[in-house]
Amino acid sequence: MFRLPRLATTATVAAAALTLLAPTAATAAEPTLSDPRTVAHFNPSAGESPENIALEPDGSANVTLSIARQVVRVDKHGSHRLLAVLPAVQNPRPPVFSGAVVTGIVRAKDGTLYVNYATGTSETGIWRIGPHGGTPVQIAQLPADSLPNGLALDEKLGVFYVADSHGGVVWRVPLRGGTATTWAAGTALQRLSGGFFGANGIKVHNGAVWVSNTDRQTLLRIPVRHDGVAGTIETRATGLADIDDFAFTGQDDTVLAALLGDEVALVRPNGTHVTVLTSPDGLSSPTTVAVLEQQDDKEKKEKKEVKTVYVTSSSYLDLTPDPNLLTARLDHDDDNGDGNGDGDGDGNG
């Protein structure tokens with residue numbers, strides 16, 4: 001989540017040029033995006049700023065509307081219905097924002113939804129919503145001065161990971177709820193001096209927790225050791241201006257990242273990146289990406305994956321706001337031949 005104008009720099013432009021010229025940038029199996037289309041629009045005057053996504057198996061998208069404090073479900077045809085409203089709080093005072101905001105969302109295998117809620121009060125933390133919606137219930141409290149943003153779930157270990165954009169740490173919370181503990185900390189997760197957002201997006205993938213840092217324009221990897229303790233933080237990509245949340249395209253470490261300056265970038269395992277969607281495709285301050293596998297029998301025989309990419313546009317930065325949900329087609333060869341899209345087994349991209 002981000003609200004400040006993007007400042008283009010010579011270094012940023014140069015870094016982008018280098019990624020396009022990198023000799024190892026393109027491979028035969030590199031994913032490609034096509035057919036972008038806006039499938040749903042939201043009402044900016046009602047605070048309907050789509051922030052984060054958790055996908056249903058049928059292709060519906062559970063979307064948090066940050067300022068409206070709502071969670072809605074958008075079907076494949078673009079129709080959306082209200083699932084839940086996070087409770088209003090007296091005198092909300094979260095860091096950076098003037099009011100309470102609902103941010104990250106994940107879906108458990110049983111369909112239960114969990115969201116982050118930042119209020120600046122004791123209501124700050126993780127809230128649970130039933131598979132069909134209803135009244136949210138707080139299951140874990142985070143410090144009132146924290147800004148819980150991205151949310152990830154590892155059901156195998158039975159834990160949540162929360163990216164705290166203000167505190168610059170990753171919190172770990174039991175799936176059943178309860179006490180939050182600091183799981184990872186360090187300069188790489190923190191805001192810049194005078195900045196606003198450090199650790200932002202977060203995902204569990206291939207034995208590690210991956211985190212984006214908006215101020216530092218980086219994508220980080222934190223190994224999960226056998227005892228569950230965080231390993232050494234590794235910087236896997238740099239120069240990702242205004243990076244928010246992201247998703248993996250498959251079993252390897254290729255990432256699609258939302259950049260709030262109206263771009264989605266394909267970040268390769270070697271750290272180089274290239275822009276694959278821009279504002280003419282319908283982006284308006286995109287905040288997150290999700291990936292859903294769709295594969296027919298012919299594609300399975302050809303070991304070719306066809307997936308749908310979902311992107312939320314919050315319109316946080318645009319003078320003419322158009323908050324929306326966009327989809328695109330993602331194609332690439334399935335080197336593993338297993339057709340398993342996100343590598344996590346959680347169906348959340």
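- When atom types are taken as modelled, the side chain of T218 and the backbone of L220 share no donor-acceptor pair closer than 3.5 angstrom.
- Side-chain contact, Y316 with T287: no donor N or O sits under 3.5 Å from an acceptor N or O.
- Within the 4.5 Å cutoff, the side chain of D215 has heavy atoms near those of the N213 side chain.
- Partners of T112 by side-chain hydrogen bond (donor to acceptor under 3.5 Å, both in side chains), not counting sequence neighbours, listed by chain and number: D110.
- Across P87 and W127, no two heavy atoms sit closer than the pair CG-CH2, 3.5 Å.
- Side-chain atoms of E234 never come within 3.5 Å of backbone atoms of P223 as a donor-acceptor pair (strictly under, hydrogens ignored).
- Shortest non-hydrogen contact noted between L330 and P31 is CD1-CB, 3.4 Å.
- With rounding to the nearest 0.5 Å, the separation of CG in D244 from OG in S285 is 10.0 Å.
- A donor-acceptor distance shorter than 3.5 angstrom exists from the side chain of R172 to the backbone of G228, with no hydrogens or angles considered.
- Note: L86 CG to T119 OG1 = 9.5 Å, rounded to the nearest 0.5 Å.
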Self-check item: Residue pair E51, N149: steps toward the side-chain contact (heavy atoms from CB on, under 4.5 Å) verdict
Solution: CA-CA 10 Å; E51 169 69 22; N149 207 331; 3.6 Å; yes

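- Remark: side-chain polar atoms of T288 are not paired, donor with acceptor, to backbone N or O of I53 under 3.5 angstrom.
- Between F197 and F97, the ring planes lie tilted relative to each other; the angle falls in the 30° to 60° range.
- Two residues are said to be in side-chain contact when any heavy atoms from C-beta on lie closer than 4.5 Å; V159 and V173 fail this criterion.
- A donor-acceptor pair is defined here as one N or O able to donate and one able to accept, closer than 3.5 Å; no such pair exists between the side chain of D35 and the backbone of A328.
- Between Y310 and G59, the shortest heavy-atom contact is OH-O, 2.7 Å.
- Judged purely by atom type and a 3.5 angstrom limit, R93 has no side-chain atom pairing as donor or acceptor with the backbone of T121.
- Side-chain contact between I222 and W183 is present, with at least one heavy-atom pair separated by less than 4.5 Å.
- Residue R81 places its CZ atom among more than 12 non-hydrogen atoms of other residues, nucleotides or ligands, all under 6.0 Å distant.
- Taking every heavy atom of both residues into account, G134 and A84 meet most closely at O-CB, 3.3 Å.
- Under the 4.5 Å side-chain heavy-atom criterion for Ile, Leu, Val, Met, Phe, Trp and Tyr, L82 and F42 are members of the same hydrophobic cluster.
- You'll find the side chain of N116 reaches within 4.5 Å of the side chain of I126, heavy atoms only.
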Quiz item: Yes or no on side-chain contact (heavy atoms from CB on, under 4.5 Å) for L266 and E30, after CA distance, side-chain angles and deciding distance?
Solution: CA-CA 9 Å; L266 178 76; E30 181 162 288; 3.6 Å; yes

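- Between T214 and F196, the closest side-chain pair of non-hydrogen atoms is not below 4.5 Å.
- By the rule that hydrophobic residues join a cluster once side-chain heavy atoms approach within less than 4.5 Å of another member, L157 and V211 end up as members of one cluster.
- The closest donor-acceptor contact from the side chain of T64 to the backbone of T103 lies under 3.5 Å.
- Side chains of T249 and L256 form a contact here, defined as non-hydrogen atoms less than 4.5 Å apart.
- Looking at S315, its side chain does come within 3.5 Å of a backbone N or O of D322 through a donor-acceptor pair.
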Exercise. Please test F246 against W210 for ring-ring contact (aromatic ring centres under 6.0 Å, His included), starting from the C-alpha separation and ending with a verdict.
Key: CA-CA 9 Å; F246 56 93; W210 295 65; 7.4 Å; no

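- A donor-acceptor pair under 3.5 Å is formed between the side chain of S165 and the backbone N or O of A199.
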Quiz prompt | Steps toward side-chain contact (heavy atoms from CB on, under 4.5 Å) verdict (L240, L259) | solution = CA-CA 7 Å; L240 297 166; L259 309 184; 4.3 Å; yes

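- From Q138, atom CD reaches atom CZ of R128 across 11.0 Å, with rounding to the nearest 0.5 Å.
- One distance of note links CG of D262 with OG of S313; it measures 7.0 Å at 0.5 Å rounding.
- Within the 4.5 Å cutoff, the side chain of Q70 has no heavy atoms near those of the V102 side chain.
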Quiz prompt | From CA spacing to verdict: side-chain contact (heavy atoms from CB on, under 4.5 Å), S60, V74 | solution = CA-CA 5 Å; S60 299; V74 184; over 6 Å; no

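- Put simply, the side chain of S212 gets close to the backbone of G201: a donor and an acceptor are under 3.5 Å apart.
- A pairwise comparison of heavy atoms in H80 and H41 identifies NE2-O, 3.6 Å as the closest pair.
- Considering only heavy atoms from C-beta on, T124 stays 4.5 Å or farther from P94 through its side chain.
- In this structure, L192 CG and T187 OG1 are separated by 10.5 Å, a value rounded to the nearest 0.5 Å.
- Atoms CD1 and CG, on I105 and L113 in that order, are 4.5 Å from each other to the nearest 0.5 Å.
- Taking every heavy atom of both residues into account, R236 and P269 meet most closely at NH2-O, 3.7 Å.
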